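In what follows, a structure is listed as structure tokens, so that the remarks can point back to it.
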Amino acid sequence: MSIINPVRVRFAPSPTGYLHIGNARTALFNWLFARHHHGTFILRIEDTDVERSTQESDQLILEDMKWLGLDYDEGPDKGGAFGPYRQSMRLHLYREYAQKLVDAGKAYPCFCTEEELEAEKQKLLAAGRMPVYSGKCRNLSQEEVERRKAAGIPFALRFKVDPWGSVGFQDWVRGEVVFEKQYIGDFVILRSDGIAPYNFAVVIDDALMQITHVIRGEDHISNTPRQLLLYEALGFQPPQFAHLSMILGPDHTRLSKRHGATSVAQYREAGYLPDALINYLALLGWTPESGQEIISREEMIRQFSLKRVSKSAAVFDIMKLNWINGNYIRNEDIKKLTALALPYYQRAGMVSNQPTSEELSKLERVIQVTRGYVETLSQLPEHAWIFYTSRLEWSEEAKEILKTDSARRVIKVLQEELKGIEEITPDTSKNLLAHLKAKTGSGGKNLYLPIRAALTGQTHGPELYQLMDILGKEECLKRLDFALQLAKA
RNA sequence: GGUCCCAUCGUCUAGCGGCCUAGGACAUCGGCCUCUCACGCCGAAAACACGGGUUCGAUUCCCGUUGGGACCA
């Protein structure tokens with residue numbers, strides 16, 4: 001198979017809730033494919049299910065797409081030459097094309113009631129057969145049809161599928177896939193309420209929007225033969241298909257709410273960086289030829305190929321996502337990271353809602369020295385309190401350390417030295433610490449641990465010279481003073 | 001139940017008949033670095049579901065079994 005040019009692909013979510021992580025991956029693969037081939041990426045909202053579709057969800061999806069950085073070239077809030085991009089605004093098109101099929105003798109009205117159909121289905125299911133429509137209304141005479149219509153009996157429109165032969169297609173990730181037509185049966189293309197079912201609406205939309213490649217979840221694979229039949233009946237050129245495997249939870253069932261966070265919004269809340277989430281999602285079912293695990297968008301686009309997409313379902317592994325996210329946190333540009341992390345500090349009350357430039361520059365340094373400890377942005381403030389609190393929490397270990405004479409001497413000498421310098425900078429504090437060794441006669445553990453304990457009340461934490469630099473001269477002296485008092489008691 | 005899809009370390013995967021004593025990554029365990037924690041670095045343990053073929057030779061191709069998943073206006 002070769003790529004049709006120019007490539008036009010779409011992501012078509014239903015606005016029935018938040019953007020699911022699985023859908024996000026589908027969107028990502030479409031986006032990568034489009035960008036790799038310099039094609040067009042389209043967002044289409046499939047909101048024909050009036051019962052479950054909501055405007056809020058519609059909005060949420062647009063926001064999530066934006067946050068993920070999956071920019072589309074055509075879409076509901078973007079416009080384009082093939083709109084409208086919400087199915088609810090395209091209902092007339094479905095009716096028009098359904099009627100065309102009726103006129104061509106390829107579809108017919110069906111008056112069967114839901115109860116009748118359900119009973120029929122249960123009977124077949126009980127007999128261990130595929131629940132295929134019997135075709136009861138297929139051979140109704142013209143007179144009978146007219147009579148029933150005149151009587152006001154509601155009817156759906158069904159597409160004729162002859163039971164012989166098979167429909168197959170070349171799937172980009174699965175290879176050849178074939179379905180027997182006898183198991184398909186005449187299916188509905190327009191319901192009695194005038195709504196087009198999924199299978200019909202997608203075909204009309206994809207055909208009219210000139211979609212060249214349909215990249216979607218594996219759950220749609222059994223819909224594909226019906227759609228192919230429709231393309232043929234309508235005289236449209238069918239697109240090529242690629243069915244992505246499912247994302248599973250740890251128990252190997254489809255990823256759902258009971259497995260924990262499943263929406264993009266939840267991951268955003270929890271402090272994952274969009275780049276990290278994208279990176280992880282890409283690796284879930286695709287491997288770059290280079291084998292890189294941490295890979296930039298540009299590099300992903302450059303290397304993306306449907307041929308390297310995995311056929312088998314993948315278990316969502318939060319541990320690996322965490323590792324990737326931690327990686328991005330450690331390597332992200334500090335200015336950008338600070339902006340991204342700011343809300344978490346504000347919520348923790350460490351930074352004001354209208355931060356001053358001093359606050360921001362301090363925060364930047366705080367993040368710089370603590371980013372190595374965390375895997376998500378939300379964990380960041382937990383490591384920052386020693387820089388913001390006015391009353392340290394002392395661990396027993398730290399108290400213990402200050403009880404020795406040598407420790408107290410170290411603190412006193414440090415105090416004297418500190419008073420002698422103008423202000424603390426990374427350089428001065430580094431120098432100061434170096435000189436301390438000669439001045440106190442202590443070194444290593446006996447030198448640094450007491451200082452750490454005195455300044456933070458803890459035995460673990462970031463590099464001392466950075467610590468002192470961020471705290472500043474006044475705060476350091478205050479804390480040393482307090483530590484000495486504590487040591488005496 | 002029927003149809004369709006899938007099957008390599010716990011997890012994500014590389015592998016497209018000999019390069020495989022099966023490679024990488026996460027997680028796990030051990031060590032190094034270091035005032036400490038974290039980061040980082042080094043190392044260890046860990047898999048081709050099973051049974052038949054095809055072939056000089058199968059993780060790789062075919063069939064079956066088993067297991068898992070998806071779909072069933």
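Below, chain A is the first sequence line, B the second, and so on; all start at residue 1. Because the structure is predicted, anything quoted here is derived from the model rather than measured.
Under the Watson-Crick and G-U wobble criteria, each requiring two contacts below 3.5 Å, nucleotide C41(B) is paired to G31(B). The pairing partner recorded for C71(B) is G2(B), the criterion being a Watson-Crick or G-U wobble arrangement whose two distances lie under 3.5 angstrom. Nucleotide A58(B) has no partner under the Watson-Crick or G-U criteria, as no pair reaches both atom distances under 3.5 Å. Using N1 to N3 plus N6-O4 or O6-N4 for Watson-Crick, or N1-O2 and O6-N3 for G-U wobble, each under 3.5 Å, C20(B) pairs with nothing. Across all strands shown, the partner of U66(B) is A7(B), judged by Watson-Crick or G-U wobble contacts whose two distances both fall under 3.5 Å.
The aromatic ring centres of His220(A) and Tyr198(A) sit less than 6.0 Å apart. Taking the six-membered ring for Trp, Trp31(A) and Phe11(A) have ring centres at least 6.0 Å apart.
To the nearest whole angstrom, the two P atoms, one in C61(B) and one in G17(B), are 8 Å apart. The P atoms of C41(B) and C48(B) are separated by 30 Å, rounded to the nearest whole Å. The separation of U11(B) from A46(B), taken at their C1' atoms, amounts to 12 Å, rounded to a whole angstrom. Nucleotides U3(B) and C26(B) have their C1' atoms positioned 37 Å apart, rounded to a whole Å. Straight-line distance between the P atoms of G18(B) and A73(B): roughly 46 Å, to the nearest whole Å. Here, C56(B) and U13(B) have their P atoms 35 Å apart, quoted to the whole Å. Only the P atoms considered, C12(B) is 15 Å distant from A70(B), to the nearest whole Å. Taking atom P on both G15(B) and A7(B), the two are 13 Å apart, rounded to the nearest angstrom.
When rounded to the nearest whole Å, the span between CG of Leu281(A) and P of A25(B) equals 22 Å. The separation between Tyr198(A) atom OH and C72(B) atom P is 11 Å, rounded to whole Å. The distance from atom CZ of Arg191(A) to atom P of A73(B) is 12 Å, rounded to the nearest whole Å. Per the geometry, CD belonging to Glu176(A) stands 14 Å off C1' belonging to C5(B), to the nearest Å. The CD-C1' distance, from Glu293(A) to U13(B), rounds to 8 Å in whole Å. Spacing between atom CD1 of Ile295(A) and atom P of A25(B) amounts to 16 Å, rounded to whole angstrom units. Following rounding to the nearest Å, Gln292(A) (CD) and G24(B) (C1') show an atom-to-atom distance of 13 Å. One interatomic measurement links the two molecules: OH of Tyr108(A) to C1' of A73(B), which rounds to 12 Å at whole-angstrom precision.
With distances taken from any side-chain atom of Ser312(A) to the nucleotides G2(B), G10(B), C6(B), the minimum falls on C6(B). Checked against A14(B), U11(B), A73(B), the side chain of Arg308(A) finds its nearest nucleotide in A14(B).
A salt bridge is absent between Asp103(A) and Lys100(A): the closest approach of a Lys/Arg side-chain nitrogen to an acidic carboxylate oxygen does not fall below 4.0 angstrom. Under the 4.0 Å criterion applied to side-chain N and carboxylate O atoms, Arg302(A) and Glu298(A) are not assigned as salt-bridge partners. The pair Glu299(A)-Arg297(A) fails the salt-bridge criterion, with no side-chain N (NZ, NE, NH1 or NH2) lying under 4.0 Å from an Asp/Glu carboxylate O. Taking a cutoff of 4.0 Å between a charged side-chain nitrogen and a carboxylate oxygen, Lys181(A) and Asp162(A) do not qualify as a salt bridge.
Positionally, the nearest nucleotide of RNA chain B for Glu180(A) lies more toward the 5' end than for the other of Glu180(A) and Pro197(A).
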What are the atom names and distances for every N/O pair under 3.5 Å that joins the protein to nucleotides 65-71 of chain B?
{"from": "A70(B)", "atom 1": "O3'", "to": "Arg254(A)", "atom 2": "NH1", "distance (Å)": "3.3"}
{"from": "C71(B)", "atom 1": "OP1", "to": "Arg254(A)", "atom 2": "NH1", "distance (Å)": "2.9"}
{"from": "C71(B)", "atom 1": "O2'", "to": "Ser222(A)", "atom 2": "OG", "distance (Å)": "2.9"}

Polar-atom pairs under 3.5 Å, protein N or O versus N or O of nucleotides 58-62 of chain B: list them with distances, or write none.
none

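Contacts of Gly217(A) with the nucleic acid, taken as non-hydrogen atoms under 4.0 Å apart, are absent. Across all strands, Val188(A) comes closer than 4.0 Å to base atoms (heavy-atom distances).
Contact check for Phe33(A) versus Leu306(A): side-chain heavy atoms found under the 4.5 Å cut-off.
Using modelled atom types, no side-chain atom of His20(A) and backbone atom of Ser263(A) make a donor-acceptor pair closer than 3.5 Å.
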| query | Where along nucleotides 33-51 of chain B does protein come under 4.0 Å, by heavy atom, of base (B) or sugar-phosphate alone (S), with - for untouched nucleotides? | reply | --BBBSSS-----------

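Summarising the geometry, atom OG belonging to Ser395(A) is positioned 7.5 Å from atom NE2 belonging to His460(A); distances are rounded to the nearest 0.5 Å.
Cation-pi geometry between Lys160(A) and Phe187(A) is not met at under 6.0 angstrom from the ring centre and within 45 degrees of the axis.
In this view, Tyr18(A) satisfies the ring-ring contact (aromatic ring centres under 6.0 Å, His included) rule with no residue, not counting sequence neighbours. Every residue meeting the ring-ring contact (aromatic ring centres under 6.0 Å, His included) condition with Phe111(A), not counting sequence neighbours, appears here in chain and number order: Phe155(A). Residues passing the side chain to side chain contact (heavy atoms under 4.5 Å, CB included) test with Gln466(A) are Val369(A), Glu463(A), sequence neighbours excluded.
Tyr280(A) pairs with exactly one of Tyr328(A), Tyr272(A), Phe316(A), Trp323(A) by the ring pair (Phe, Tyr, Trp, His ring centres under 6.0 Å) rule, that one being Phe316(A).
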